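Input: a single structure, listed below in structure tokens.
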Amino acid sequence: MNLANLLRHISARHIKYQKAQTFLALAGICLGVAAIVSIGIVNKSVLRSFEDSISVATGRAALQITGSQSGFPETIVEKVQDVPGVEYAVPVIETDGLLSRGKERSIMVLGVDVLIDSQMRSYSLSNESADIPDPLLFLARPDSILITKAMAEREGIALEQRIQVETVLGTRTFRVRGILNPEGPAKAMGGNLAVMDIYAAQMAFGKEGRVDRVDVSLMRGEELETVRQRILSVLPMGYTVETPVGRTRQIEAMLSKFQTGLNLISIFAIVVGMYLIYNAVSISIVHRRKEIGILRALGAKRKEIMRLFMGETLVISIIASVLGVGLGILFAHSIVGTLGRIISQWYARTTVTGISVPWFYPATGIACGIAASLVAAAFPVHAGSLISPISAIRSLPWSDEGFFTGRRLKIAAAFFLLLSATVFCIYKFAGFLPLFRNKTFLFSSQIFLLLGISLLTPAFLKGFLSLFHRLPTTRLGSMGMLAGLNLRKNITRNAVAVAAIFFGISVFVNSAGFVYSLKESVMTWLDAVIRADIIISDGHPSSSTNAQTIPMPVDMWREIEKVPGVLSADPWRKVYMDYKGRRVLLSVVDLIRRGEYSHFMVVRGSDREIRRLLPRQDNVVVSEPFAAQFGVRAGDVITLPTPSGVVRFGVVAVVVDYLYDGGTVSMDLNTYQRHWGDMLADQFSVRVRAGENIAAVRESIQERLGTDRKLYVLPAQEFKDEIRKVIDQTFMFNYALSAITMIIACFGIIITLLASVLERTREIGVLRSIGMLRKQVSGVVLIESVLMGMAGGILGSCAGIMTGWITLEGASYSSLVQYCVPYGSIVWAMVMSVGLSALAGLYPASRAAKTNIVEALTYE
Amino acid sequence: MIEVCNAGKTYRQGTREVRALRNVSLDIGRGEFLSIMGPSGSGKSTLLNLIGGLDQPTTGEIFIDGRPLHGIPDDELTLIRRRSIGFVFQFFNLLPILTAVENVSLPLLLEGIPLAKIRPQAFQLLERVGLGERAGHRPEQLSGGEMQRVAIARALINDPAVLLADEPTGNLDSHTSEEIFTLLASLNEKGQTIVMVTHDRRAAAYGTRIVTLKDGALSEDISLGVDAT
């Protein structure tokens with residue numbers, strides 16, 4: 001028999017008559033593929049925006065030299081220029097600014113050497129000022145600035161107009177001396193860029209005598225690696241000499257944890273889609289049993305029956321996957337801005353102007369959609385091919401359990417649970433072997449755990465229904481009893497629908513538990529370390545971690561202490577630096593002043609030792625992730641790169657610190673200033689005199705210091721609340737992906753219930769004939785869907801707690817992080833699973849209620 | 001007790017209209033055992049469905065104890081079926097997920113009465129039809145005759161005004177059929193009104209009156225006994 005013929009004449013007819021079921025199966029796979037594609041595209045687009053900004057801002061530079069985030073001495077430029085093979089060594093200041101005009105907008109300020117920067121980058125001015133040969137000559141005066149055409153148009157800024165930019169020294173006025181065409185560096189950061197003379201930028205941003213980067217071009221014929229080695233040999237330790245591509249890779253590595261997390265969660269959506277396909281195909285086979293029997297009797301081989309159903313699945317999965325790619329691109333368009341903001345807040349500033357759709361992601365999405373559908377369909381299709389012609393035609397009893405018999409399920413469940421435990425133990429105890437110690441490896445442990453539990457779903461559902469049969473049936477009466485018994489009748493199929501809900505809920509509870517536990521631990525830590533009454537920061541509280549902001553002069557504490565009601569003010573500075581090829585955070589506090597009222601949460605070592613050994617001395621404390629990553633213990637000595645060279649620091653203690661999961665080193669302000677020569681601060685902790693009103697003091701600070709610069713002056717509690725909000729926002733994509741997963745799971749419920757209603761047509765006819773009201777018929781179906789939702793919710797919540805715990809174990813923020821069961825979220829999860837399931841049951845229930853009695857009684 | 005006045009039923013079959021029943025008028029008295037006969041397609045089952053409130057007439061009126069079965073809301077009609085009519089079908093139509101006693105209890109369960117309260121009555125009915133020992137069995141564990149007896153017990157649980165049977169032995173062998181007819185006749189002797197559709201003359205003879213339908217119209221009405229009141 002010809003497959004094309006069968007597909008054309010039989011399958012097409014089925015699709016026509018079972019539009020709802022076909023649509024739901026298609027929609028499930030479509031959404032799963034959309035989740036994978038959109039997350040892939042958005043992640044890539046964010047990276048691409050970094051890549052583009054780096055490449056256009058780099059110009060002809062073959063190598064880039066970077067050091068500490070606080071900058072390094074400009075004398076380095078001359079040293080590099082003297083290296084054989086170096087054509088030009090061009091210094092650059094690359095910092096953040098805030099355009100205070102109109103709507104506040106964060107911009108990247110590029111400070112360039114007007115005399116030689118055109119050797120590295122090309123600038124082109126828009127028509128009205130194009131007659132000047134070198135646009136950078138505009139910047140000769142210190143108040144001059146060039147802005148991009150995109151920014152000028154967006155903000156309505158004209159040539160020669162004065163604009164106000166937030167700098168380290170406060171708000172400063174600059175004159176727009178030229179408007180840059182969207183070429184070269186002007187394309188970076190979506191056009192949110194301004195160019196200044198390097199000297200003016202150093203002054204304005206507190207970097208006198210220092211630069212952020214040196215861009216290097218090579219003489220013709222020189223080999224890149226040779227020149228790189230020569231440069232490294234003349235630089236003190238701690239400097240990075242990278243190609244622009246290498247810098248992109250650094251950013252990729254920095255974002256990898258966050259992005260991998262999203263990618264992995266998006267896979268759940270397709271897994272749930274597999275459950276949907278499995279059920280849809282199983283149901284189709286049960287319904288078409290007679291047809292299979294007739295085809296077999298007419299000479300169709302088993303293989304041909306298999307091909308027919310696999311062919312149908314293939315066609316549906318191709319259509320669904322292609323639609324999923326389209327939907328994924330739409331999703332990506334709508335979420336890319338938000339994800340860009342979150343990454344700017346936590347990691348590094350970027351402006352994502354659009355999405356890029358490399359072929360890889362749509363192709364992966366389509367491949368995943370098709371492969372997942374075919375794998376899911378293979379089991380029921382195989383079972384269907386074993387139907388004997390006689391049993392099918394005579395409607396002899398046949399179990400639709402197929403491959404998944406009770407015994408096989410239990411053995412498979414035990415296998416996966418054991419595998420999950422083994423993988424987790426290897427992760428936990430295999431030290432720091434990169435092969436095992438990564439998020440993907442840990443994720444596989446979670447997937448195996450979920451697979452194991454999902455294989456136990458039939459057994460769980462059976463137990464749950466017996467319990468239900470005993471407990472509340474008396475209240476729900478005949479409807480409850482019938483609903484429970486109906487679910488027991490097709491336990492395998494209903495268990496698959498329950499397993500899909502279980503997956504969706506477990507993803508939600510997993511994320512919720514992880515976030516809740518982390519939040520609780522972070523808040524406990526913040527309560528311990530933030531003992532001040534008011535926090536003054538240069539950016540939103542979220543900037544306490546990664547995002548760059550415009551720092552303040554460290555001496556501002558003197559000004560703050562002059563405000564009536566202020567008892568004391570002490571600065572905090574954060575700077576990122578490279579340590580052994582990895583990015584770590586340097587956290588600087590004035591230990592003499594802060595030590596009076598605040599302390600570290602010590603894991604190894606003692607607070608007394610910290611107070612004795614840190615102030616003014618070359619000693620540090622390190623965070624747990626730092627200690628774990630680099631194998632450092634209290635009492636060890638570490639060598640840190642400083643702008644003035646390499647310095648050895650004693651490690652006094654290991655402390656809890658959630659500022660940066662890549663590791664934090666904390667030192668005294670005096671030590672920092674001595675070695676780094678940096679006189680800036682990112683935050684001030686202010687204590688208010690006893691009896692003074694905090695709100696009033698806050699107002700006074702804002703009035704006195706906030707007029708000349710953008711300041712966040714927040715009471716400590718409000719500051720902590722903001723951090724709490726930001727943590728929630730960061731995980732909003734996890735919740736969004738859980739919602740998509742739940743929607744797919746609900747499609748599974750609809751398909752299952754629709755099939756169940758169809759199979760019970762005659763039964764429903766009988767019930768109606770003996771006096772069951774329409775609302776009672778729909779009530780039975782609704783109770784069935786609610787029961788499935790409850791079972792899935794309970795199982796999903798339990799599994800979510802377990803996977804959440806594993807996720808937290810893998811996060812390795814601190815040994816003091818304890819898993820906290822997110823009771824509130826579990827209540828929400830139950831409400832969501834029961835509510836959405838009930839919603840999913842509405843359509844099948846209404847179909848059941850509309851059953852025509854006379855037709856139903858003659859239904860075969 | 002049951003009045004059928006000029007009842008007609010027209011179905012659409014694709015683009016074609018089929019007149020299944022044409023102006024049938026019939027009065028059925030309390031305690032009667034009415035057999036409806038006729039060849040296949042004569043409208044027997046359609047008439048029974050109309051009397052049972054499973055379907056609505058296209059024209060005419062139907063009353064049971066003076067209450068109309070036509071033009072009333074579905075819920076009201078359903079409650080009449082639940083409380084005043086008992087059904088026995090050719091294919092038994094028991095719920096496979098329920099035991100015999102639960103199947104019998106079903107109409108009262110729908111009223112919201114707890115199973116524990118119904119069970120004794122259902123059990124008594126099963127004993128009455130000779131299946132006291134099979135109460136805990138599921139339909140798949142029963143023979144055809146046993147299933148039909150369970151169906152009869154279910155039809156009687158609400159003490160219905162009328163018991164409607166559509167070819168009740170159409171799926172049974174002759175020996176079992178005899179048993180079912182004897183059971184129905186004995187129920188009728190105790191005063192149960194029965195309306196039975198059959199195409200079997202011998203079966204029809206168990207009734208007290210036989211009406212014959214031909215092409216959807218009443219063609220013959222013969223009284224065999226005097227049990228009707």
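Predicted model, so just to flag it, every value in this text is computed and none were measured. Reminder, nothing fancy here: chain letters follow the sequence lines and each chain counts from 1. Heavy-atom basis, side chains included; hydrogens, waters and symmetry copies ignored.
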| said: Does B:Asp215 have more than 12 heavy atoms from other residues, nucleotides or ligands lying within 6.0 Å of its CG? | reply: no
| said: Could you measure the distance from the CG atom of B:Asn158 to the CD1 atom of A:Ile770? Nearest 0.5 Å is fine. | reply: 9.0 Å
| query | Heavy-atom distance under 4.5 Å between the side chains of B:Asp55 and A:Ile853, does that happen here? | reply | no
| How far apart are the closest heavy atoms of A:Lys775 and B:Asp75, and which atoms are they? | NZ-OD2, 4.3 Å
| request: Answer with side chain, backbone, both or neither: which region of B:Arg83 has an atom nearer than 4.5 Å to a non-hydrogen atom of chain A? | output: neither
| message | Using side-chain heavy atoms (C-beta onward) and a distance below 4.5 Å, is B:Leu79 in contact with A:Leu773? | response | yes
| request: Identify the heavy atoms of A:Met772 and B:Thr78 that sit nearest to each other, and give their distance. | output: O-CG2, 3.2 Å
| field | Contacting moiety of A:Glu763, where chain B heavy atoms sit under 4.5 Å | value | both
| request: Against chain A, label B:Asn93 side chain, backbone, both or neither, depending on which of its atoms sit under 4.5 Å from a heavy atom there. | output: both
| request: Identify which part of A:Arg768 has an atom lying under 4.5 Å from any heavy atom of chain B, answering side chain, backbone, both or neither. | output: both
| remark: Here the pair of heavy atoms bringing B:Phe87 nearest to A:Ser769 is CE1-O, 3.2 Å
| message | Is it the case that atom NE2 in B:His137 sees more than 12 heavy atoms from other parts of the structure closer than 6.0 Å? | response | yes
| field | Greater than 12 external heavy atoms within 6.0 Å of A:Lys489's NZ | value | yes
| said: How about CZ on A:Phe23, more than 12 heavy atoms from neighbouring residues, nucleotides or ligands closer than 6.0 Å, or not? | reply: no
| Does a sphere of radius 6.0 Å around CD in B:Gln124 hold more than 12 heavy atoms from other residues, nucleotides or ligands, not counting ones at 6.0 Å or beyond? | no
| note | CG (B:Leu115) and CE (A:Met481) are apart, to the nearest 0.5 Å, by 6.0 Å
| field | Atom group of A:Asn486 that falls short of 4.5 Å from chain B, counting heavy atoms | value | both
| query | Should A:Leu482 and B:Leu109 count as side-chain neighbours, where that means a heavy-atom distance under 4.5 Å? | reply | no
| task | Pick one of side chain, backbone, both or neither for B:Asn49, based on which atoms fall under 4.5 Å of a heavy atom in chain A. | result | side chain
| query | Side chain, backbone, both or neither: which part of A:Leu485 has an atom under 4.5 Å from a heavy atom of chain B? | reply | both
| So which of B:Ile85, B:Leu98, B:Leu108, B:Asp166 has the biggest tally of heavy-atom pairs under 4.5 Å with chain A? | B:Leu98
